[in-house]
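Input: a single structure, listed below in structure tokens.
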Amino acid sequence: MSFPLRLLTHQALVTRVQQDYTVGMTIHELAHKYQLADRTVRNYLREKVK
């Protein structure tokens, strides 16, 4: 039996990261919360939400 590692779509994850960042979380906190690299979080913050 296998389970998906991420239950959110890419766009939903980007949206959540951006929302949490605007609330005041740091890049390092976001990376830890979503189990991502700091660089990935920075890239998500640069993406435009469709």
Side-chain angles (χ1 to χ4, degrees):
M1 190 177 333
S2 64
F3 295 98
L5 295 176
R6 303 216 185 272
L7 297 176
L8 298 173
T9 64
H10 173 77
Q11 199 57 44
L13 183 59
V14 169
T15 303
R16 286 207 182 169
V17 168
Q18 290 175 346
Q19 288 173 346
D20 287 346
Y21 185 74
T22 58
V23 171
M25 290 184 76
T26 66
I27 290 174
H28 184 71
E29 290 171 336
L30 291 167
H32 183 73
K33 178 178 179 178
Y34 293 106
Q35 298 178 348
L36 300 167
D38 289 357
R39 181 181 216 157
T40 303
V41 172
R42 282 190 204 96
N43 289 339
Y44 284 0
L45 293 174
R46 279 189 233 125
E47 280 189 37
K48 295 185 181 185
V49 178
K50 295 178 184 176

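Because only heavy atoms are used, hydrogens play no part in the values below, and waters and symmetry mates are left out as well, while side chains stay in. Sequential numbering from 1 along the given sequence is applied to the chain's residues.
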*Residue pair A31 / A37: nearest heavy atoms and the distance that separates them*: CB-C, 4.1 Å
*Counting N and O atoms only, with roles assigned by atom type, does the side chain of Q18 sit under 3.5 Å from a partner on the main chain of E47, one being a donor and the other an acceptor?*
yes
*To the nearest 0.5 Å, how far apart are OG1 in T26 and CG in L30?*
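Interatomic distance, T26 OG1 to L30 CG, rounded to 0.5 Å: 6.5 Å.
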*Quick one: pull up CG in L45 and OG1 in T40 and give me the separation to the nearest 0.5 Å.*
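Between L45 CG and T40 OG1, I get 11.0 Å after rounding to 0.5 Å.
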_Looking at H10, I'd like to know if its NE2 atom is crowded, meaning that more than 12 non-hydrogen atoms belonging to other residues, nucleotides or ligands lie closer than 6.0 Å._
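Buried by this count: over 12 neighbours within 6.0 Å.
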*Is there side-chain contact between L36 and Y44, with heavy atoms separated by less than 4.5 Å?*
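Heavy-atom side-chain distance check passes, below 4.5 Å.
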_Pairwise side-chain contact, R42 with Y21, heavy-atom cut-off 4.5 Å (strictly under)_ =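 No; the side chains remain at least 4.5 Å from each other.
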